[in-house]
Amino acid sequence: MPFQKIETGHQDVVHDVAMDYYGKCLATASSDMTIKIIGVNGSSHQHLATLSGHQGPVWQVAWAHPKFGSVISSCSYDGQVIIWKEGNKPDEWIQAHVFTEHKSSVNSIAWAPHELGLCLACGSSDGNISVFTARTDGGWDTTRIDQAHPVGVTSVTWAPALAPGTLVGSGLLDPVQKLASGGCDNTVKVWKLYNGIWKMDCFPALQMHSDWVRDVAWAPYLGLPKSTIASSSQDGTVVIWTVAKEGDQWEGKILHNFHTPVWRVSWSLTGNILAVADGDNNVTLWKEAVDGEWQQVTTVEP
């Protein structure tokens, strides 16, 4: 794909960019308190809409699965999470729901695998994680993980809906409901929903970082028995966490020390390439070699 520079039109720092399922639209989040929707078509792009509603910097945006229609969620320093739906007119977006559960900045949002329904996890500086699930009557059910990271939650990510080691299409298994979170306590934690209550699913908490965990990303399901989570930190490292099978201990391995804060980690759809964005404005791609060592595949040139 040819390199393309897109002018967002934001008046301040852009914190997040999310591409929709079909790769046709970008949503961007900024300190100017708005979200921009930009249509991308080959080498051309056009500004489609500006969404206003937050009272502070917008940290993240996320597209829901298209089976739920055109739906975006956004989270902000103002403590609000807004669900936006495309209206009946072209490029019209309406606020479908505003969540005000959190009393301080909501730093991270993540839609659950679509098999779990329209379901959003949110991590906040108040230390709590909230999970909102849409009901058929248009309302929302809320479950919470109180004081998940008491000094603040920086990031949330969902496990794939298929349990590790299951064969795709091997009957109607109950989808797995698991989350991982990162926080200002330098730890990564894994949570599982038991009978409607979230409980910690890793003992002790996963601790290899010496500073705030900035991002966590659960790798897509590869058909292997193991689960994999990547975490990145203010301390400059990215750690790859793996667990061989349910109930075992997670093991961590440092992918690389970047010697600068690492802001974001993101898996490819196939789950075998990890993109890392660091404080020196570099984006690098990494792949696990046959011997289990991680190697840099390429640098994304700006």
Side-chain angles (χ1 to χ4, degrees), residues 15-16 18 20-21 27 29 35 51-87 93-150 152-161 174-183 189-201 215-218:
H15 296 289
D16 195 25
D20 74 350
Y21 185 83
I35 295 132
L51 316 188
S52 302
H54 283 294
Q55 308 298 312
V58 187
W59 301 131
Q60 282 191 4
V61 280
W63 295 85
H65 190 278
K67 83 180 219 184
F68 303 109
S70 284
V71 177
I72 294 174
S73 58
S74 59
C75 65
S76 166
Y77 180 77
D78 66 10
Q80 296 190 104
V81 174
I82 302 180
I83 309 289
W84 310 82
K85 285 189 178 172
E86 199 164 18
W93 289 81
I94 49 176
Q95 289 188 23
H97 203 87
V98 180
F99 295 107
T100 54
E101 294 276 311
H102 293 285
K103 298 298 171 260
S104 52
S105 177
V106 180
N107 304 317
S108 180
I109 44 174
W111 290 106
H114 65 86
E115 295 91 341
L116 305 180
L118 191 60
C119 179
L120 185 73
C122 314
S124 168
S125 291
D126 62 15
N128 304 330
I129 295 170
S130 53
V131 180
F132 304 114
T133 307
R135 298 194 304 261
T136 48
D137 66 3
W140 294 78
D141 290 325
T142 307
T143 54
R144 288 163 62 101
I145 307 171
D146 285 322
Q147 297 303 288
H149 298 266
V153 183
T154 53
S155 50
V156 287
T157 180
W158 287 86
D174 280 338
V176 177
Q177 295 207 44
K178 272 191 184 184
L179 281 171
S181 59
K189 294 180 180 177
V190 179
W191 309 90
K192 189 174 182 181
L193 192 65
Y194 291 94
N195 301 323
I197 297 166
W198 290 96
K199 294 190 176 167
M200 202 156 125
D201 198 50
D215 200 17
V216 284
W218 205 306

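Nothing fancy with the numbering, it's 1 onward along the sequence. These numbers were taken from a predicted model, which means no experiment stands behind them.
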#### Entry: Min side-chain heavy-atom separation N107-S125 under 4.5 Å
yes

Does the ring centre of F99 sit less than 6.0 Å away from the ring centre of W140? yes

So does Y21 have more than 12 non-hydrogen atoms from other groups sitting under 6.0 Å from OH?
no

Is the closest side-chain heavy-atom distance between W59 and S108 below 4.5 Å?
no

Nearest heavy-atom contact between S76 and H54 is CB-ND1, 3.2 Å

Q) Within a reach of under 6.0 Å around NZ of K85, are more than 12 heavy atoms found that belong to other residues, nucleotides or ligands? A) no

Heavy-atom closest pair (I72 atom, W111 atom, distance to 0.1 Å) is C-CZ2, 4.4 Å

Value for CD1 (I83) from CD (Q95), rounded to nearest 0.5 Å, stands at 10.5 Å

Any side-chain heavy-atom pair of L116 and W158 under 4.5 Å: yes

| Is the shortest heavy-atom distance from the side chain of S104 to the side chain of S124 under 4.5 Å? | yes

Would you say the side chain of V190 lies within less than 4.5 Å of the side chain of W218, judging by non-hydrogen atoms?
yes

If we ignore hydrogens and angles and just use 3.5 Å, is the side chain of Q60 paired with the main-chain N or O of I109 as donor and acceptor? yes

(Q) Check this for me: K67, atom NZ, are more than 12 non-hydrogen atoms of other residues, nucleotides or ligands nearer than 6.0 Å? (A) yes

CD1 of I82 to OG1 of T100, rounded to nearest 0.5 Å, is 10.5 Å

Heavy-atom closest pair (A27 atom, I35 atom, distance to 0.1 Å) is CB-CG2, 4.4 Å

- Query: Is the backbone N or O of S181 less than 3.5 Å from a side-chain atom of S155, with the two atoms forming a donor-acceptor pair by type?
  - Reply: no

- Check: Q80 side chain, E101 main-chain N or O, donor-acceptor pair, under 3.5 Å: no

Quiz prompt | Close side-chain approach of L179 to I145, heavy-atom, < 4.5 Å | solution = yes

Check your understanding: Can you find a pair of side-chain heavy atoms, one from R135 and one from D141, that are under 4.5 Å apart?
Key -> yes

With side chains defined as the heavy atoms from C-beta onward, is the minimum distance between F132 and S73 less than 4.5 Å? no

d(E86 CD, I94 CD1) to nearest 0.5 Å is 10.0 Å

Q.
Evaluate W191 against K199 for side chain to side chain contact (heavy atoms under 4.5 Å, CB included), listing each step before the verdict.
A. CA-CA 5 Å; W191 309 90; K199 294 190 176 167; 6.0 Å; no

**Asked** Do any N or O atoms from the side chain of T157 and from the backbone of A180 form a donor-acceptor pair under 3.5 angstrom?
**Response** no

Rounded to the nearest 0.5 angstrom, the CD-CG distance for Q177 and L193 is 5.0 Å

Query raised in the report: How are the rings of H65 and H114 set relative to one another: parallel (under 30°), tilted (30 to 60°) or perpendicular (over 60°)?
Result: tilted

Notebook entry, point to check: Where the side chain of K103 meets the backbone of D126, is there a donor-acceptor pair that is under 3.5 Å apart?
Noted result: no

Separation between CG (D20) and OG (S70), nearest 0.5 Å, reads 7.5 Å

Tightest non-hydrogen contact, residues V106 and C75, listed as O-SG, 3.4 Å

| CG of D137: more than 12 outside heavy atoms within 6.0 angstrom? | yes

When every non-hydrogen atom of E115 is compared with those of A161, the smallest separation belongs to OE1-CB, 3.6 Å

One should read off an interatomic distance between L120 CG and T142 OG1, to the nearest 0.5 angstrom, of 10.5 Å

V153 and G123 have their tightest heavy-atom pair at CG1-CA, 3.7 Å

Original post:
Hey, is the main chain of T143 close enough, under 3.5 Å, to the side chain of W198 for a donor-acceptor pair?
Top reply: no

